[in-house]
Asker: 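The structure's right below; bear with me while I get my questions together.
Remember, it's 1-based here, ligands and their atoms both numbered in the order they're listed. None of the values given here were measured: they were computed from a predicted structure.
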Amino acid sequence: MPATLVTLLGTAQDGGVPQPGCEKSCCMDEFGGVTRSRSPVALGITASDGSRHLVEAGRELSSQLVMWASVDGGPLGRLDSVWLTHGHLGHVDGLGLFGCEAMGTNELPLHASESMLEVVKDSPMLAQLLTNRHLRANQFSTGEKVSLGGELTITPLQVPHRDEHSDTHAFLIEGAAKKLLFLPDHDSWEMTLDIHQADGPLEWFRSLFVDVVLIDGTFWSADELGGKAADIGHPPVEETLALLGDRGPSDPRVVFIHLNHTNPLHDESSAASAKVRAMGWEIARQPMTFGL
Ligand SMILES: [Zn+2]
Ligand SMILES: [Zn+2]
Ligand SMILES: [Zn+2]
């Protein structure tokens with residue numbers, strides 16, 4: 001039986017790349033062409049029983065489903081559940097595509113926290129996805145493992161993040177052999193480590209017995225966006241690298257995801273990318289796969 005397969009369907013922060021309106025070299029070249037095209041982060045998880053589970057529901061759903069099927073063989077339109085980490089733009093702005101104007105799904109299970117489901121129910125546009133039974137609300141609780149197909153389980157773990165609409169969760173995704181932590185957004189290591197009672201990121205990862213961590217790499221440094229990055233939250237990659245140090249033989253793989261359009265990690269030839277690789281850590285590509 002094949003192992004659980006996780007496919008990373010996007011590497012960008014919610015705004016995507018190119019970000020609307022950006023004329024700088026991160027998004028546009030000197031001839032007016034697009035420098036690179038990256039979708040907001042999402043995961044396609046294919047369980048060993050063939051069931052397919054999507055994490056995040058972004059506006060690039062169409063191309064992401066094509067990308068996913070090119071990796072796992074599809075079927076392209078098969079979806080057995082959808083999971084949401086929180087209510088920010090790129091994580092939920094494709095929810096409407098499950099409605100009658102597009103996919104028109106039938107009772108597709110939507111796994112989200114109580115406050116995230118409230119956001120859906122309180123939005124006139126999104127609430128009809130539930131009342132018209134395109135989606136069926138499946139409320140999860142932090143720390144409670146949910147069994148999906150085959151050996152696949154997902155355990156939501158709460159993390160602190162500008163929680164103005166909903167709370168925010170990371171997902172611990174487990175197959176028969178390995179565990180992967182998906183943590184696209186959080187505000188600071190200080191707060192995240194505090195609620196998970198760990199002294200450092202590696203100690204936290206060890207306590208979860210994870211083999212792979214897909215981690216918030218939104219900004220390279222606090223100076224990005226002319227200093228505004230420091231106010232937006234998301235620990236800068238430079239800070240995360242300082243906490244991680246060089247990768248040791250028993251450390252998990254750590255892959256930086258959710259990259260803002262300004263982040264030099266989008267450029268494989270940048271000095272920033274070379275530094276991450278030299279320390280033994282990884283930078284996301286789309287698509288990228290992990291067998292669990
Ligand atoms: Zn985000
Ligand atoms: Zn840009
Ligand atoms: Zn967010």
Asker: To the nearest 10 degrees, could you say what angle the Zn ion (ligand 2) makes with SG of Cys27 and SG of Cys22?
Answerer: 110°
Asker: Take Phe182 and Phe290 through the test ring pair (Phe, Tyr, Trp, His ring centres under 6.0 Å) and record every step on the way to the result.
Answerer: CA-CA 12 Å; Phe182 177 63; Phe290 308 90; over 10 Å; no
Asker: At the Zn ion (ligand 2), what's the angle from His261 ND1 to Cys26 SG, rounded to 10 degrees?
Answerer: 110°
Asker: Taking atom types as modelled, is there a side-chain donor on Asp216 or His234 under 3.5 Å from an acceptor on the other?
Answerer: yes
Asker: Any donor and acceptor pair, going by atom type alone, linking the side chain of His196 with main-chain N or O of Gln158 inside 3.5 Å?
Answerer: yes
Asker: For Glu224 and Trp220, indicate whether the former's side chain and the latter's backbone hold a donor-acceptor pair under 3.5 Å.
Answerer: yes
Asker: Enumerate the salt bridge (Lys or Arg N to Asp or Glu O under 4.0 Å) contacts for residues 73-91, please, sequence neighbours excluded, ordered by first and then second residue.
Answerer: Arg78-Asp80
Asker: Cut-off 3.5 Å, side chains only: do Ser166 and His86 have a donor facing an acceptor?
Answerer: no
Asker: Only one of Asp199, Asp251, Asp211 forms a salt bridge (Lys or Arg N to Asp or Glu O under 4.0 Å) with Arg206, so which one is it?
Answerer: Asp251
Asker: Among the protein atoms near the Zn ion (ligand 3), how many are N, O or S and lie under 2.8 Å away?
Answerer: 4
